[in-house]
Amino acid sequence: MKSEPSAYSIEDLQKEKITIWDGVRNYQARNILREMKKGDLAFFYHSNCKPPAIVGLMEVVETNIVDPTQFDRTSDYFDVKSTPEKPRWHTVKVKFKERFAQPLPLETLKQKFNPDDFLVVKKGNRLSVMPVKNTIAQEIFNLTRTF
DNA sequence: GCCAACGTTGGC
DNA sequence: GCCAACGTTGGC
């Protein structure tokens with residue numbers, strides 16, 4: 001799950017402990033959020049920064065949450081076409097698990113993984129939420145340990 | 001349903 | 001700041 005650290009960082013989550021992952025306004029990403037199960041683990045990825053990197057780990061603690069920002073006129077994520085009866089945007093609540101002592105930069109991920117196996121390293125992929133294969137996740141854990 | 005124009009993301 | 005690669009919008 002990506003976030004620009006200037007907007008919301010792993011440090012913010014570490015302080016806050018739990019947050020609603022709001023503001024996702026892309027249908028494909030939303031669909032992935034909708035499929036998430038309680039107890040699922042998720043990597044926190046810092047995007048649009050130097051260097052872009054996987055910086056930590058989170059756990060999904062609540063699913064199928066109606067993103068409240070879609071009804072908030074003062075929010076950047078306000079959606080005029082969304083109604084409480086028919087909300088367009090759902091998301092999850094995540095809990096801080098771990099902040100990696102050594103973040104895994106995108107450059108390293110590109111060296112280690114094939115774009116066909118891991119969407120993060122695929123050129124042009126702008127999805128802010130994407131699935132990670134179990135085998136890839138395991139290798140990422142190994143990398144954070146050996147770094 | 002097509003597609004041009006426009007907006008956004010995000011690495012570099 | 002640039003720009004490739006998307007996604008979305010809206011006229012037709």
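Atom set for the values below is all heavy atoms of this structure, side chains included, hydrogens, waters and symmetry mates excluded. Protein chains get the first letters and strands the later ones, always in sequence-line order, with residue 1 at the start of each. These figures come from a predicted structure and were not determined experimentally.
Spacing between atom CZ of A:R25 and atom C1' of C:dT9 amounts to 18 Å, rounded to whole angstrom units. Atoms OH (A:Y45) and C1' (B:dT9) sit 11 Å apart, rounded to a whole Å. Nucleotide B:dC12 holds its P atom 11 Å from the NZ atom of A:K50, rounded to whole Å. Distance, A:E4 CD to B:dC12 P: 15 Å, rounded to whole Å. Between the CG atom of A:L106 and the C1' atom of B:dG10 there is a distance of 10 Å, given to the nearest Å.
Contact check of residues 67-85 of chain A against DNA chain C (heavy atom, cut-off under 4.0 Å) returns no residues at all. Contacts with DNA chain C (heavy atom under 4.0 Å) in residues 113-125 of chain A: A:K123, A:G124, listed by number.
Looking at residues two or more places apart in sequence or on another chain, you find no side chain to side chain contact (heavy atoms under 4.5 Å, CB included) involving A:K50.
Within 6.0 Å of CD in A:E11 there are more than 12 heavy atoms belonging to other residues, nucleotides or ligands. Summarising the local packing, CD of A:Q28 is surrounded by 12 or fewer heavy atoms from other residues, nucleotides or ligands at distances under 6.0 Å.
In this pair, A:F118 and A:F113 present their aromatic rings perpendicular. The plane angle is above 60°, beyond the 30 to 60° band.
For an aromatic pair to be called close, the ring centres must be under 6.0 Å apart, and A:F43 with A:F141 satisfies this.
The salt bridge (charged side-chain N to carboxylate O under 4.0 Å, His left out) pairs that include a residue from residues 17-46 of chain A are A:R25-A:D67, where partners are two or more places apart or lie in different chains. Screening residues 51-97 of chain A for ring pair (Phe, Tyr, Trp, His ring centres under 6.0 Å) gives A:Y27-A:W89 as the qualifying pairs, with residues at least two apart or on separate chains.
Judged by distance alone, with hydrogens and angles left aside, the side-chain atoms of A:E4 form no donor-acceptor pair with the main-chain N or O of A:C49 at under 3.5 Å.
Inter-residue side-chain proximity for A:M1 and A:L33 is flagged as met; some heavy-atom pair is nearer than 4.5 Å. Looking at heavy atoms from C-beta onward, A:T19 lies in side-chain contact with A:Y8 at the 4.5 angstrom threshold.
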Scan nucleotides 3-8 of chain B against the protein and return all N/O pairs shorter than 3.5 Å with their distances rounded to 0.1 Å.
from, atom 1, to, atom 2, distance (Å)
B:dT8, O2, A:R126, NH1, 2.3

